[in-house]
Amino acid sequence: MTDKTYPPSPEMAANAHINAAKYEEMYASSVADPIAFWAEQGKRIDWIKPYTNVRDVSFAKEDLHIRWFDDGELNVCANCVDRHLPARADQTAIIWEPDSPDTPAQHITYAQLHDKVQRFANVLKELGVGKGDRVVIYLPMIPEASYAMLACARIGAIHSIVFAGFSPDALADRINDSEAKVVITADHAPRGGRVTPLKSNADAALLRCEDHVKCLVAKHTGGQTTWVEGRDYDLGAMMEAAATDCPPEPMNAEDPLFILYTSGSTGKPKGVVHSSGGYIVYASMTHEITFDYHDGDVFWCTADVGWVTGHSYIVYGPLANGATTLMFEGVPTYPDAGRFWEVCAKHKVNQFYTAPTAIRALMGKGTEFVEKHDLSSIRILGTVGEPINPEAWNWYNDVVGKGKCPIVDTWWQTETGGHLLTPLPGATATKPGSATTPFFGVEPIVLDPQTAEEITTTEAEGVLCMKQSWPGQMRTVWGDPERFYDAYFSQYPGYYFTGDGCRRDADGYYWITGRVDDVINVSGHRMGTAEVESALVAHAKVAEAAVVGYPHEIKGQGIYCYVTLMDGVEPTDALRTELSNWVRTEIGPIAKPDVIQWAPGLPKTRSGKIMRRILRKIAENDVSSLGDTSTLAEPAVVDDLIANRGG
Ligand code: WTA
């Protein structure tokens, strides 16, 4: 890691919302008197009924609760749409860039968005959806995905988006866990020139769901689908027929806005619940300040709305700020590795926000793909999802940003709703690979993982926790409050445990060192190794499986599987392919194993616990430092795994 610093240019410091002095002053006041600070910041949102209680939080086991602005009432959709009218009626709210560059882009104005969202909301009402009901959204990156989110918010329904790359089984699990009334999908999803039969995935999922779950289908490619009369509804026809007026439902600040399933270190993905009031205050504030968004800018976050990044920084944050937000259906390498830059040039993007894995993939294709396009509109670059290695940072800075655009390396999580650690473009001198310093109101602390004591020296290395709540914090795990406590507050009582390790340097900058639990980060997608293991052992020929992450040049981490077969089953290459495809079908393409190693036995302690630490070392090819192996029940197992590494 390099400690070269990149201070903001004088011009950036002069024109940005926040400069270094202002950051210091505001940060100090945000932690000295958080109630006063957030009482003020909450005003960035329009309230139907103003709040008087700003914060009511306890991280204690007996009394765990997180509430912000909790006697206030608002409607998130009205904040993202109605309140920008009539002033921004003709301003573009959403630029939609389709998968194929030959299909024309769409510019949806705030007035058009208002119309679409109200009609959509009326369609949902017609299907019997009301306040508090759950709606699962399983859509490609098309404008309907944003309409669907905002329509739910308008009537107080709770949406749960399932990434279109997930399998029917994964979709069914989420529909069932959230007890959704309706699932919204589209005929087909084109991506990178290939097409996923989304509706038929939904059909397969619905076979595993209650009969009363309805399916609302958007026509996108016009591709063939089967139709179940009485269960399937045609979104286009219903929108056309729908009433154009749908008043926003007044919601309590603490009413859930959405559920988003994410992977944990154990068991099935958990439904992260976000609130209405605190979430929208936090998403809009971080969007404006981290990206130094100014009126008239065109903002592009390349994430999918199926992930939290898409929720906060394609839809809610930007639209709450009256921004123009770009929504891209495709992939960075289709039709060629210049697509991102072509789109930036075409729509004169001012802030560009992507993941290190995409930067690494494009870096390998050469600079000519970048240089052909005019990127002079870009002012700020951002990254998210995993630590960015200095090579990728430098390439992003030099080749894409031409050394003139600050890079905001934003550290946050599905659970945090918005950025917690991040440079601010006009305030923070950046260091390649560091997420730098906390956002307003955020109080990170580093704990010694062994003693659970706070490390108070400036330079520190340990696990990253948060001392205080912030408005965007998740409120609970859907249907499982005990799991909420167990997953985030049980390890280090009194603190929110992030699951990440970190180092704090002499300047007080934070460097994320990666997950300290069994969560891995594959191409910026978060995955629990337990999920992949349970998919593997669900195969009839598999007796046991252990899955770990290992460093992967492009993906950040790859998926390394140790598989013990049932007695008598031949370990063949054909079986390896079969298992790989099996995981792909069980979870989705993002979970496809990179390596499957046959393991006649797994290293276990005498009490039968798999020693993952050793498996990680072998996968990383770091076998000289296996650490303490004295508790192994059968040491010979390890020698075999080392000898047959990768195979
Ligand atoms: C990792 C994505 C280093 C981290 C918003 C975290 C990062 C997990 C960064 C959350 C970053 C995210 N630097 N690591 N800038 N951003 N991470 O829930 O391990 O999909 O805990 O949220 O991604 O992933 P999630």
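Since the model is a prediction, treat every value here as computed from it, not as a measurement. Start at 1 with the first residue, then count along the sequence. We count ligands from 1, going down the list as the structure has it; atoms in each ligand are counted the same way.
We find the CD1-NZ distance between I407 and K431 to be 15.5 Å, quoted to the nearest 0.5 Å.
Contact check on E386 versus R360 returns a salt bridge, with a Lys/Arg side-chain nitrogen under 4.0 Å from an Asp/Glu carboxylate oxygen. The pair K270-D177 does not count as a salt bridge, with every side-chain nitrogen at least 4.0 angstrom from each carboxylate oxygen.
Centroid-to-centroid, the aromatic rings of F59 and Y495 stay 6.0 Å apart or farther.
Residues with a heavy atom under 4.0 Å from ligand 1: V308, T309, V384, G385, E386, P387, D409, T410, W411, W412, Q413, T414, D500, I512, R515, N521, R526.
The side-chain tip of R616 does not point at the ring of Y550 from less than 6.0 angstrom away and within 45° of straight on.
Side-chain contact of T410 with T422: a donor-acceptor pair under 3.5 Å is absent, judged by distance alone.
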